Amino acid sequence: MVKALQIGLGHWGFSWSKDVIPNVPNIHMVGYVDSNPDAVQRVQTELTIAPELCFLDLETAVQNTDAELAICTLRTEAHYPVVKRCLELGLNVIVEKPFASTIAQAKELVALAKAAGRVLMVSQNYRFQPGPIAAAELIGAQKFGPVNLVTINFRRHGPTQGYRYWDMPDPLLADMSIHHFDLMRMVLGDEPKRVSCRTWNPPGSPFGHNPVGLATIEFEKGTMVSYSGSWMSTGPTTPWSGDWSMDCSEGEIRWSSRDHFMGKSGPDRLSLRPLEGEETPFDLQPVEYADRVGTLAAVAKVVETGTVPARFSSGEDNLHSLALVQATITSASRNGEWVDISEIMA
């Protein structure tokens with residue numbers, strides 16, 4: 001069993017407390033932390049958490065427990081200082097994306113975790129689904145040979161679908177597209193080389209910043225990715241992972257994942273179409289621990305055994321996903337100018 005503290009019990013943190021943590025059998029909770037007494041009271045009242053397990057600050061929680069793992073589910077701007085302090089206090093850490101606000105901060109956290117001999121994981125929950133796992137395995141096995149072009153479309157209409165963060169900077173690229181960018185790296189087994197991106201805010205939009213964008217991303221092995229995303233689309237809604245078409249030299253792989261919409265959920269889908277052949281569905285294998293439960297189960301296993309599984313989203317690995325986000329934002333600010341990932345990582 002891994003003894004854990006949860007830090008951050010707000011709206012999203014409470015969802016972790018209620019829906020995620022109880023479903024990971026080898027997590028043993030020894031504390032819950034939030035500076036807001038109302039948030040602490042809520043977990044006590046609604047989840048019947050014992051008062052002696054609740055704390056108003058991290059230092060007191062660490063002093064009064066034997067926690068090994070910090071589950072950091074705070075607002076984005078608090079990630080860097082809290083994760084840093086957790087690592088300094090000797091804790092392993094899992095943190096929501098993005099795990100830092102800048103590449104410099106992220107590099108500092110990665111170096112700190114390495115120096116302390118601690119695990120730092122970013123909860124890239126879209127990785128823990130049958131569709132992208134199968135796609136990654138098929139690409140790795142060269143099912144249809146090398147990948148030439150990947151086309152990804154993400155479409156949602158924020159005003160009618162409960163979106164709340166109207167004033168968030170880069171609501172598409174920083175908040176949503178990071179999931180898609182991270183999946184590109186995982187599924188292709190490759191790293192981005194450079195990117196060109198344009199974003200805009202259509203007439204009548206309630207967003208304060210650009211919710212629509214197009215990007216072309218070149219990967220190190222030569223694969224080109226055409227990506228379009230929109231929080232203001234009136235077209236057919238896509239699954240949260242987007243709709244993917246992976247055009248290979250000998251056929252096409254099509255897939256989608258996390259088809260959750262307005263309280264409903266559907267299965268992941270993947271199909272294969274050989275060159276000059278018919279498209280047929282591919283039988284996806286279920287994932288034992290999916291989505292956020294999967295990320296927490298994965299870090300618990302690493303802490304317990306020291307064995308790092310395939311496609312594990314460590315802080316060091318996630319630097320490249322964060323860099324791709326920053327590169328697209330930089331390119332968009334330069335009216336679509338090509339931006340090298342090396343410039344961002346420097």
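Fair warning: this is a prediction, and the values are worked out from it, not measured in the lab.
For the atom pair CE (M224) and CG (N148), the distance works out to 11.5 Å, reported to the nearest 0.5 Å. Atom-to-atom distance recorded for W255:CH2 and L270:CG is 8.5 Å, nearest 0.5 angstrom. Atoms OG1 and OH, on T65 and Y32 in that order, are 12.5 Å from each other to the nearest 0.5 Å. Rounding to the nearest 0.5 Å places CZ of R127 at 4.0 Å from CG of D182. Between the CG atom in D247 and the CD atom in E252 there is a gap of 6.5 Å [rounded to 0.5 Å]. Distance check: I7 CD1 to L58 CG gives 4.5 Å after rounding to the nearest 0.5 Å.
Take F154 and apply the ring pair (Phe, Tyr, Trp, His ring centres under 6.0 Å) test, not counting sequence neighbours, and it matches H180, W231. Remark: W200 pairs with P202, V212, L214 by the side chain to side chain contact (heavy atoms under 4.5 Å, CB included) rule, at least two apart or across chains. Listed by chain and number, the residues in a side chain to side chain donor-acceptor pair (under 3.5 Å) with S205 are N201 (sequence neighbours excluded). Residues meeting the ring pair (Phe, Tyr, Trp, His ring centres under 6.0 Å) test with H79, sequence neighbours left out: none. With sequence neighbours excluded, no residue forms a ring pair (Phe, Tyr, Trp, His ring centres under 6.0 Å) with F312. With sequence neighbours left out, the salt bridge (charged side-chain N to carboxylate O under 4.0 Å, His left out) criterion links R198 to no other residue. Partners of A106 by side chain to side chain contact (heavy atoms under 4.5 Å, CB included), not counting sequence neighbours, listed by chain and number: F99, A100, L319, L322. With sequence neighbours left out, the side chain to side chain contact (heavy atoms under 4.5 Å, CB included) criterion links A323 to I103, I341, I344, M345. Scanning for side chain to side chain contact (heavy atoms under 4.5 Å, CB included) contacts around P206 gives P159, W166, M232, with sequence neighbours left out. Under the side chain to side chain donor-acceptor pair (under 3.5 Å) criterion, N125 pairs with D291, not counting sequence neighbours.
Within the 4.5 Å cutoff, no side-chain heavy atoms of I49 are placed close to those of M29. Between S35 and L56 the shortest side-chain heavy-atom distance does not fall below 4.5 Å. Between V187 and M246, some side-chain heavy-atom pair lies under the 4.5 Å cut-off. In this structure, D175 and Y163 have side chains that are in contact, with non-hydrogen atoms separated by less than 4.5 Å. Residues L183 and W244 meet the side-chain proximity criterion, which asks for heavy atoms closer than 4.5 Å. C54 has its side chain out of reach of L9: every pair of non-hydrogen atoms, C-beta onward, lies at least 4.5 Å apart.
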Quiz item: For E218 and W338, what are the C-alpha separation, side-chain angles and deciding distance, and is it a side-chain hydrogen bond (donor to acceptor under 3.5 Å, both in side chains)?
Solution: CA-CA 10 Å; E218 180 182 353; W338 281 97; over 6 Å; no
Practice problem: List the steps, then state whether salt bridge (charged side-chain N to carboxylate O under 4.0 Å, His left out) holds for R185 with D317. | Solution: CA-CA 10 Å; R185 297 180 49 248; D317 175 86; 3.0 Å; yes
Quiz item: Would C86 and C72 count as a side chain to side chain contact (heavy atoms under 4.5 Å, CB included) if you check the C-alpha gap in whole Å, the side-chain angles of each, and the deciding distance to 0.1 Å?
Solution: CA-CA 9 Å; C86 286; C72 295; 4.2 Å; yes
Exercise. For the pair N318 and Q124, evaluate side-chain hydrogen bond (donor to acceptor under 3.5 Å, both in side chains) and give the outcome as yes or no after the intermediate values.
Key: CA-CA 9 Å; N318 200 248; Q124 293 284 177; 3.0 Å; yes
Exercise. List the steps, then state whether side chain to side chain contact (heavy atoms under 4.5 Å, CB included) holds for V225 with L188.
Key: CA-CA 10 Å; V225 176; L188 290 172; 4.2 Å; yes
Quiz item: Can you check side-chain hydrogen bond (donor to acceptor under 3.5 Å, both in side chains) on R273 and T280, steps first, answer last?
Solution: CA-CA 6 Å; R273 185 186 59 80; T280 57; over 6 Å; no
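Between the side chains of E337 and S196, no donor N or O sits under 3.5 Å from an acceptor N or O. In this structure, a donor-acceptor pair under 3.5 Å is present between the side chains of T73 and Q6. Checked by atom type, the side-chain pair S257/S241 shows no donor-acceptor distance below 3.5 Å. Side-chain polar atoms of E279 and S271 form a donor-acceptor pair below 3.5 angstrom. Between T237 and R156, the side chains place no donor N or O within less than 3.5 Å of an acceptor N or O (distance only, hydrogens not considered). Counting only N and O atoms by type, the side chains of N153 and S228 include a donor and acceptor under 3.5 Å apart. Side chain to side chain, S101 and Y80 fail the donor-acceptor criterion of an N or O pair below 3.5 Å.
Looking at D340, its side chain never comes within 3.5 Å of a backbone N or O of S342 through a donor-acceptor pair. Distance alone, capped at 3.5 Å, places no donor-acceptor pair between the S331 side chain and the T328 backbone. The backbone N or O of L149 lies less than 3.5 Å from no partner atom in the side chain of T223, so there is not a single donor-acceptor pair. The main-chain N or O of R292 is found under 3.5 Å from a side-chain atom of T295 such that the two form a donor-acceptor pair. In this structure, the side chain of N92 does not engage the main chain of R118 through any donor-acceptor pair within 3.5 Å. In terms of modelled atom types and a separation under 3.5 Å, the side chain of D243 and the main chain of P239 share no donor-acceptor contact.
Within 6.0 Å of atom NZ in K3, 12 or fewer heavy atoms from other residues, nucleotides or ligands are found, so the atom counts as exposed in its surroundings. Other residues, nucleotides and ligands place more than 12 heavy atoms under 6.0 Å from the CD atom of E77.
Note on V95: it does not cluster hydrophobically with I71, by side-chain heavy-atom contacts below 4.5 Å among ILVMFWY residues. Both Y165 and W240 are members of a single hydrophobic cluster when ILVMFWY side chains are connected at heavy-atom separations under 4.5 Å. In the hydrophobic cluster analysis, where Ile, Leu, Val, Met, Phe, Trp and Tyr join through side-chain heavy atoms closer than 4.5 angstrom, L5 is grouped apart from V43.
Identified under the side chain to side chain donor-acceptor pair (under 3.5 Å) test for residues 43-61, with sequence neighbours left out: Q41-T45, R42-E46, D57-T60, E59-R85. For the side chain to side chain donor-acceptor pair (under 3.5 Å) condition, the pairs that include at least one residue of residues 298-311, sequence neighbours left out, are N26-E304.
Nearest approach of L173 to T199, heavy atoms of both residues: CD1-CG2, 3.8 Å.
A cation-pi arrangement is not found for R75 relative to W12, the charged atom failing to lie both closer than 6.0 Å to the ring centre and inside a 45° cone about the ring normal.
Here K114 does not pair with E108 in a salt bridge; the nearest charged N to carboxylate O distance is not below 4.0 Å.
Among the candidates Y126, F219, Y227, the single residue satisfying the ring-ring contact (aromatic ring centres under 6.0 Å, His included) test with F181 is Y227.
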